[in-house]
Asker: 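Quick one: the structure is below, and I'll ask about it shortly.
Quick note: numbers below take in every heavy atom, side chains included, and nothing from hydrogens, waters or symmetry partners. Throughout, numbering of the chain's residues begins at 1 and tracks the sequence.
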Amino acid sequence: MYKIGFDNGKYLKMQSSRIRERISEFGGKLYLEFGGKLFDDYHAARVLPGFQPDSKLQMLLQLKDEAEIVIAVSAEDIEKCKVRSDLGITYDVDALRLVRAFESCGLTVGSIVLTKYAPHPRVLAFEKRLNKEGIPYYRHYIIDGYPSNVSNIVSDNGFGKNEYIKTEKKLVIVTAPGPGSGKMATCLSQLYHENKRGVKAGYAKFETFPIWNLPLRHPVNMAYEAATADLNDINMIDPWHLEAYGKTTVNYNRDVEIFPVLRAIFEKIYGECPYKSPTDMGVNMAGNCITDDDAVCAAAKQEIIRRYFNAVRNAATGAENREEIYKLELLMKQAELTEDSRPCTAAARAVSRRTGAPGAAAELTDGTVITGKTSELLGCISATLINCLKHLAGIDDEVLLIDPQVIRPIQELKVKYLGSKNPRLHSDEVLTALSISASTDNNAAAAIAQLPRLKNCDMHSTVLLSHVDENVLKKLGMRLTCEPENK
């Protein structure tokens, strides 16, 4: 069941206000390391129901007159043609996409910084393209002994070698196409150069997860561990914060481990560190905007199970991710979850056992579970979609929305002329057929009108799906899991 548990309007106000406060704490110049996705943060939307996928962008738009963006991209990643798995594009292409996306929203992109710079052929080609498009860029180099050799890092041979990034606004947001792009090093290098110029700039970090003021084993924080199981990130109590203030807060292992180095760099640049803990560095206010803890706990638990099924699916298609699956299995045990804790999973499996063929089920936002079986005409996903639309439109289950005489010519086209071995209609084909029927049938038209109500519904299939089916469900806003038939 989908239930709102997060106040998005409150979040936008509190988050922008907190960032402005942090700017003022440093005398008017702040470098903000921005982690996670600025656009389309669907993980946050899933575990904090009510959080809008573009919330971070909307928050930044409230600060647009005070802010500019620097995009960090690693030269090593460019040379290796590293690809964003969610978008299927390389990091250099994504950096250009981000420039256009930010600017189309009215945000200022000051420049791109090439971190871990070396003049590889692909890097030189990227620089040539930046020159052609008139996008300013800077080079930051690999520093011997980074991050442990503080004396060398904070010197003319360390940060001093990097090109100073010219910025004009008092808030500089440093973001990147993905992890490991050098956002923190970019910020710290700028602090060094600003100090050389007599400007005492500040540094802060924005990460939505883990949420520092929720318990360590809160399902929302456990869902973050599930989301980063492939990276082996671990949530932990911030020992520096506990020692300094006697208060328990949550951070993750990489920030806790790097904090002594960060503190030493601050002390080397300024003579003192403004922060006593990694938690102090953060500005995240999401935890203060949860309005229904039960709702977000339930949503986060479902996300943990979804992440597990996704890992199992990836393993079935060739991924070497056994350790990731082990970690997700452990998280499920800690959260007292099983695969069948997902209502649509249990229902889909029941259909499969009963029919001896692949089954599917969807849980609607009101908690109603709708199933679908495999037939001669339709696959189980297509059948489930039709049954969901019937239920939402109040149409009797026995009513045919698509005449079999409409379906059969499509099947003949697929098998006889397009070489398909599976005559059953995929979800895109069945929705096309339904939309054609809607021109002459009021029931079909009423069913089509229910498509927006499928957003935020969960669905499970007992068989791996085609990319076509997965993409259709994604476009509908449904949250799919599936499993190998021989699992």
Side-chain angles (χ1 to χ4, degrees), residues 1-3 42-43 46-47 49 217-230 232 235 294-374 379-381 383-385 387-388 454 456-466 469-470 473-474 477-487:
M1 179 182 293
Y2 184 81
K3 187 178 179 182
Y42 291 109
H43 174 80
R46 289 191 296 268
V47 302
R217 305 319 294 168
H218 190 284
V220 168
N221 283 338
M222 294 178 72
Y224 169 74
E225 278 199 36
T228 57
D230 58 329
N232 204 30
N235 295 339
D294 289 342
V296 299
C297 284
K301 287 179 179 179
Q302 289 301 307
E303 179 70 2
I304 294 169
I305 304 173
R306 282 192 292 265
R307 294 286 182 173
Y308 164 75
F309 274 118
N310 287 341
V312 171
R313 178 196 60 189
N314 292 340
T317 55
E320 297 291 336
N321 63 344
R322 191 64 245 176
E323 291 301 318
E324 179 187 358
I325 293 174
Y326 285 150
K327 181 171 182 178
L328 289 164
E329 289 173 340
L330 178 60
L331 285 170
M332 287 177 62
K333 289 179 182 178
Q334 291 174 345
E336 299 181 346
L337 298 169
T338 68
E339 295 175 10
D340 286 346
S341 296
R342 186 165 163 78
C344 56
T345 298
R349 287 174 170 178
V351 170
S352 183
R353 287 194 298 269
R354 186 177 71 250
T355 63
E363 182 182 5
L364 303 180
T365 55
D366 65 357
T368 302
V369 176
I370 305 294
T371 61
K373 64 181 180 180
T374 301
C380 58
I381 289 295
T384 303
L385 282 176
N387 292 339
C388 285
L454 296 179
N456 297 321
C457 295
D458 282 295
M459 178 175 274
H460 186 81
S461 166
T462 63
V463 64
L464 297 182
L465 302 183
S466 68
D469 281 329
E470 288 195 11
L473 297 177
K474 184 177 181 180
M478 302 187 78
R479 297 167 180 176
L480 171 71
T481 51
C482 50
E483 56 188 307
E485 288 181 272
N486 61 349
K487 180 179 173 296

Asker: For M478 and L454, which heavy atoms make the closest approach, and how far apart are they?
Answerer: CG-O, 3.4 Å

Asker: I'd like to know whether E303 forms a salt bridge (charged side-chain N to carboxylate O under 4.0 Å, His left out) with R306, so could you lay out the CA-CA distance, the side-chain angles of the two residues, the decisive distance to 0.1 Å, and finally the verdict.
Answerer: CA-CA 5 Å; E303 179 70 2; R306 282 192 292 265; 2.9 Å; yes

Asker: Is atom NZ of K301 surrounded by more than 12 heavy atoms (other residues, nucleotides or ligands) closer than 6.0 Å?
Answerer: no

Asker: Run the side-chain donor-acceptor check on residues 353-374: report pairs under 3.5 Å with partners two or more places apart or on a different chain.
Answerer:
residue	atom	partner	partner atom	Å
T355	OG1	V351	O	2.9
T355	OG1	A357	N	3.3
T355	OG1	A357	O	3.4
E363	OE2	M1	N	2.6
D366	OD1	T368	N	3.0
D366	OD1	T368	OG1	3.0
D366	OD2	T368	OG1	3.4
T374	OG1	P358	O	2.7

Asker: What residues, two or more places apart in sequence or in another chain, satisfy side chain to side chain donor-acceptor pair (under 3.5 Å) together with R479?
Answerer: N456

Asker: When you measure from the side chain of E225 to the backbone N and O of N235, does any donor-acceptor pair fall under 3.5 Å?
Answerer: yes

Asker: Residues two or more places apart in sequence or in another chain: which of them pass side-chain contact (heavy atoms from CB on, under 4.5 Å) with E323?
Answerer: Y326

Asker: Of the non-hydrogen atoms in A295 and P49, which two are nearest, and what is the gap between them?
Answerer: O-CG, 4.1 Å

Asker: Partners of A227 by side-chain contact (heavy atoms from CB on, under 4.5 Å), sequence neighbours excluded?
Answerer: H43, R307

Asker: Name all residues meeting the salt bridge (charged side-chain N to carboxylate O under 4.0 Å, His left out) criterion together with D340; count only those two or more places apart in sequence or in a different chain, and write none if there are none.
Answerer: R349

Asker: I'd like to check the salt bridge (charged side-chain N to carboxylate O under 4.0 Å, His left out) partners of K3; sequence neighbours left out, ordered by chain and number.
Answerer: D292

Asker: The criterion is salt bridge (charged side-chain N to carboxylate O under 4.0 Å, His left out); which residues satisfy it with R313, sequence neighbours excluded?
Answerer: E470

Asker: With sequence neighbours excluded, tell me which residues meet side chain to side chain donor-acceptor pair (under 3.5 Å) with T481.
Answerer: R342, H460

Asker: For R322, give me all partners under salt bridge (charged side-chain N to carboxylate O under 4.0 Å, His left out), at least two apart in sequence or on another chain.
Answerer: E329

